[in-house]
There are 2 protein chains.
Amino acid sequence: MTYETRLFAALADPTRRAIFERLAARGQSVSELSRAMPVSQPAISQHLKVLKEARLVRDEPAGARRIYSIDPGGLGPLRQWLDRFWIEQLAAFQSKVDAVADREEG
Amino acid sequence: MTYETRLFAALADPTRRAIFERLAARGQSVSELSRAMPVSQPAISQHLKVLKEARLVRDEPAGARRIYSIDPGGLGPLRQWLDRFWIEQLAAFQSKVDAVADREEG
DNA sequence: GCTTATAATAAGCCATGACTTATGAAACTC
DNA sequence: GAGTTTCATAAGTCATGGCTTATTATAAGC
């Protein structure tokens with residue numbers, strides 16, 4: 001699986017996005033997340049694994065706990081992907097503008 | 001299913017992203033897409049349906065054909081979602097800066 | 001040291017999703 | 001108008017994904 005696909009797939013699940021958004025507000029442990037969410041602890045751990053493999057999240061041991069938090073640059077590739085189309089759309093728009101200009105000249 | 005989920009889910013499939021990227025370059029018909037891609041015509045139609053429901057793509061009849069193209073504002077919600085975290089991350093950074101400033105003052 | 005808390009992994013279940021072939025329905029081409 | 005092209009939908013198959021309960025490993029606390 002491509003890294004890009006991993007990224008989009010990680011964000012495609014609503015539970016996983018909810019976890020990500022919680023972590024964006026504040027880093028926290030697995031148990032804290034699982035207490036706040038309507039799924040079991042193993043489910044949370046599995047989601048965190050997927051998020052981590054997509055480099056959206058990182059973890060750090062803290063005693064028996066493990067604090068998960070947002071990986072700061074994690075959304076960078078998503079932004080880059082998005083910007084590609086921003087550019088392309090601009091280019092497409094520009095060529096239409098040019099076409100009109102040419103028509104009015106000629 | 002939430003609209004946001006539909007959007008991410010639509011982009012999570014690599015074949016579907018490939019279709020989207022082709023259409024970003026140039027609007028084209030189903031048959032044209034299916035000739036260029038390694039899946040059957042029905043598969044293409046099914047993918048286009050998903051992309052359309054995510055408002056990433058629109059279509060227009062042209063005789064027996066049907067020309068699909070990018071929906072211009074389709075990526076807007078994705079950008080907005082992304083910007084939310086951009087802001088949040090900035091805010092988190094700012095509070096750290098403030099903390100350091102307070103420490104140096106006190 | 002024994003118990004308790006925390007989190008990861010294993011195994012199994014069920015729904016969904018991506019694909020296929022087959023078919024039907026419009027619209028053009030001659 | 002018969003044949004052809006184009007596209008959507010139906011139906012079926014197979015793999016994957018998200019969840020559960022059960023279990024194990026590691027660290028804390030008394």
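Note that the coordinates shown come from a computational prediction; the quantities given were computed from them, not determined experimentally. Quick note on labels: first sequence line is chain A, next is B, and so on, each numbered from 1.
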(message) Within the 3.5 Å criterion, strictly below it, is a donor on A:Thr2 or A:Arg6 matched to an acceptor on the partner's side chain?
(response) no
(request) Would you indicate what B:Ser29 reaches in the nucleic acid, counting non-hydrogen atoms under 4.0 angstrom: base, sugar-phosphate, or nothing? (result) sugar-phosphate
(request) Validate the cation-pi geometry between B:Arg58 and B:Tyr68: distance from NZ or CZ to the six-membered ring centre under 6.0 Å, angle to the ring axis within 45°. (result) no
(request) Please state how far atom CG in B:Leu11 lies from atom P in C:dA18, giving the value in whole angstrom units. (result) 12 Å
(message) Between P on D:dC7 and CG on B:Leu48, what's the gap in Å once rounded to a whole number?
(response) 10 Å
(request) Measure the acute angle between the ring planes of B:Phe8 and B:Trp81, then classify it against the limits of 30° and 60° as parallel, tilted or perpendicular. (result) perpendicular
(message) Measure CD/B:Gln28 against C1'/D:dC7 and give the value in whole Å, please.
(response) 15 Å
Show which side-chain atoms of residues 9-18 of chain A pair as donor or acceptor with protein atoms under 3.5 Å away, not counting sequence neighbours.
unit_1: A:Asp13; atom_1: OD2; unit_2: A:Thr15; atom_2: N; d: 3.1
unit_1: A:Asp13; atom_1: OD2; unit_2: A:Arg16; atom_2: N; d: 3.0
unit_1: A:Arg16; atom_1: NE; unit_2: A:Ala10; atom_2: O; d: 2.9
unit_1: A:Arg16; atom_1: NH1; unit_2: A:His47; atom_2: ND1; d: 3.4
unit_1: A:Arg16; atom_1: NH2; unit_2: A:Ala9; atom_2: O; d: 3.1
unit_1: A:Arg17; atom_1: NH1; unit_2: A:Leu11; atom_2: O; d: 2.7
unit_1: A:Arg17; atom_1: NH2; unit_2: B:Thr5; atom_2: OG1; d: 2.8

(request) List in numerical order all residues of residues 55-68 of chain B for which some heavy atom is under 4.0 Å away from an atom belonging to DNA chain C. (result) B:Gly63, B:Ala64
Between the protein and nucleotides 16-22 of chain D, which nitrogen or oxygen pairs are less than 3.5 angstrom apart?
unit_1: D:dG18; atom_1: OP1; unit_2: A:Arg16; atom_2: NH2; d: 3.1
unit_1: D:dG18; atom_1: OP2; unit_2: A:Arg16; atom_2: NH1; d: 3.1
unit_1: D:dC19; atom_1: OP1; unit_2: A:Thr15; atom_2: OG1; d: 3.3
unit_1: D:dC19; atom_1: OP2; unit_2: A:His47; atom_2: NE2; d: 2.0
unit_1: D:dT20; atom_1: OP2; unit_2: A:Ser40; atom_2: N; d: 2.9
unit_1: D:dT20; atom_1: OP2; unit_2: A:Ser40; atom_2: OG; d: 2.6
unit_1: D:dT20; atom_1: O4; unit_2: A:Gln46; atom_2: NE2; d: 3.0

(message) Taking the basic N atoms (NZ, or NE/NH1/NH2) and the acidic carboxylate oxygens, is any pair closer than 4.0 Å for A:Glu32 and A:Arg26?
(response) yes
(message) Keeping B:Ser34 on the side-chain end and B:Ser31 on the backbone end, is there a donor-acceptor pair under 3.5 Å?
(response) yes
(message) Rounded to whole Å, how long is the line connecting atom CD of B:Glu32 with atom C1' of D:dC7?
(response) 14 Å
(message) Within the structure provided, determine whether A:Arg79 and A:Asp83 are in side-chain contact (heavy-atom separation under 4.5 Å).
(response) yes
(message) If I compare all heavy atoms of A:Leu7 with all of A:Gly74, which pair ends up nearest, and what's the gap?
(response) CD1-O, 4.0 Å
(request) Send over the distance from A:Leu33 CG to C:dA8 C1', rounded to a whole Å. (result) 15 Å
